[in-house]
There are 2 protein chains.
Amino acid sequence: MSEQVHALTRAERRRRTEDRILVAARDLFVRLGYERTTIRAIAAAAEVDPSLVMQYFGSKDRLFRQAASLPQDKDLTGDPEGLTEHLMTMLGLKLGGLPQASLTALRSALTHPEAAERVRQVQAHHVSQIGAGMAGMAGEDAELRAALIVAIMLGVTIERHLIELGPLRDASYDEITELLRPCLETLTRPG
Amino acid sequence: MSEQVHALTRAERRRRTEDRILVAARDLFVRLGYERTTIRAIAAAAEVDPSLVMQYFGSKDRLFRQAASLPQDKDLTGDPEGLTEHLMTMLGLKLGGLPQASLTALRSALTHPEAAERVRQVQAHHVSQIGAGMAGMAGEDAELRAALIVAIMLGVTIERHLIELGPLRDASYDEITELLRPCLETLTRPG
DNA sequence: GTCTATAAGCAGATAGAC
DNA sequence: GTCTATCTGCTTATAGAC
């Protein structure tokens, strides 16, 4: 079998090419959004033929779906005591190494219906989790409080990574979390 | 002069048509974003010929620029005492009758470079104003605090009007401002 | 002044040569 | 298996008929 001579099998080569396309796609989708990103540009960035992209992923929509497929978040524990700290951890992830796939979905969340739906679903899940985490403390408005927390995190994430508002883009992880902790605590505690 | 017989002069008719186009354009730009909105769709919504849109506004870009031209915000007074209340007022506007033009720019802020730049400029102005308003109280991090306030307002606005996260979309103006006031106060006061 | 017809370009997707 | 060439459709924008 002459293939055995090569360091990479055919399957392995194919997998790597597919991966290179996916990385290039994410990079462009994150920077330009769904509409302004073309299959041709993705192919050029990945140094493959445009038709290969179609061959491997079927359509632009399917490629986007795969590029923006969100990693499942870890569920919050029901522990109300540690809720704020859990939130800070989540936020920390969003401030630091937010996965490229999440940013891909987020960049197009306002203009691409499917991306919007994805973000909405993840956020609704967060709301119910956060809401449950403080149900004992806050009254009927637990859900609204949770939604506000989600909104704050979205705002900070967008400003830092997508709009790149100067102070938020340049601030360190610690500076931000320190200022935001008391802010979020007013929402996790009643009164 | 036979025109005088008509209730509307030619100039008046023209102005109304132009206005109808602009309203239709805003409506579509707000709902779909810049890329997915076509001149043809705008013309159909305004019940005019597509070429009229070009005739009146020159190009899609110029039409967008006009549709998204932001009303100048009132400057904040330097009064640190009333800062939080000023913020609540601004937020109130954002929660209630946010001008369609602002939403137009916001919807495309993540995917249209010019819209992004517009939003960035307005926000930078807010940051410096809010920062100045609390310079006496907070130390060197006044600018970061101001940026966080702006980020929070952006997050809440986007969730309520664009993503339409259930609890935030349905909550009343008062419910939201009540919960958000203490939250913002942690940022406007040091310690 | 308004609209018909069309130009010119670029997109996603496909068929078939090698 | 990979790429060339092309199809089809839709966009903005324009030129010219009425």
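Per chain, numbering begins at 1; letters A, B, ... match sequence-line order. What you are looking at is a predicted structure, and each value in this text was computed from that prediction instead of being measured.
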Between P of D/dT8 and CD1 of A/Ile39, the distance in whole Å: 20 Å

Whole-Å gap separating P (D/dT2) and CD (A/Gln55): 9 Å

Pick the nucleotide of DNA chain D nearest each of A/Pro50 and B/Met54; which residue has the one closer to the 5' end? A/Pro50

For a quick check of understanding: with a heavy-atom distance under 4.0 Å over all strands, which category does A/Thr37 fall into, base, sugar-phosphate or nothing? sugar-phosphate

A/Phe57 has an atom CZ; how far is it from atom C1' of C/dA13, in whole Å? 16 Å

Regarding the side chain of A/Leu52, the nearest nucleotide among D/dT4, C/dC3, D/dT2 is D/dT2

What is the distance, rounded to the nearest whole Å, between atom CG of B/Asp49 and atom P of D/dG16? 18 Å

List the steps, then state whether side chain to side chain donor-acceptor pair (under 3.5 Å) holds for A/Asp49 with A/Ser51. CA-CA 5 Å; A/Asp49 193 273; A/Ser51 60; 2.7 Å; yes

Select base, sugar-phosphate, or nothing to describe what A/Ser51 touches, counting heavy atoms under 4.0 Å on all strands. base

Quick check: any donor-acceptor pair below 3.5 Å linking the side-chain of B/Arg14 to the base of C/dG1? no

Round to the nearest Å and state the distance from A/Leu63 atom CG to C/dA13 atom P. 10 Å

Determine whether B/Leu144 and A/Asp170 make a side-chain contact, defined as any pair of heavy atoms from C-beta on separated by less than 4.5 Å. no

Would you give the length of the straight line joining atom CZ of A/Arg145 to atom SG of B/Cys183, rounded to the nearest 0.5 angstrom? 10.5 Å

Report yes if the side chains of B/Val119 and A/Ile163 come closer than 4.5 Å at any heavy-atom pair, otherwise no. yes

Contact class for B/Tyr56 vs. all strands (heavy atom < 4.0 Å): base, sugar-phosphate, or nothing? sugar-phosphate

For the side chain of A/Ser59, starting at C-beta, report the closest nucleotide among C/dA13, C/dG12, C/dC3. C/dA13

Is B/Tyr34 close enough to D/dT11 that one of its side-chain N or O atoms is under 4.0 Å from OP1 or OP2 there? no

Please state whether the rings of A/Phe64 and A/Phe29 are parallel, tilted or perpendicular, taking 30° and 60° as the class boundaries. perpendicular

Closest of D/dA13, C/dA11, D/dT4 to the A/Arg40 side chain is C/dA11

Nearest-nucleotide pick for A/Arg10, side chain only, options being C/dT2, D/dT6, D/dG1: D/dG1

Roughly, in whole Å, what's the span from CD in B/Glu47 to C1' in C/dT2? 16 Å

Interatomic distance where NZ belongs to B/Lys60 and C1' belongs to D/dC10 [whole Å]: 12 Å

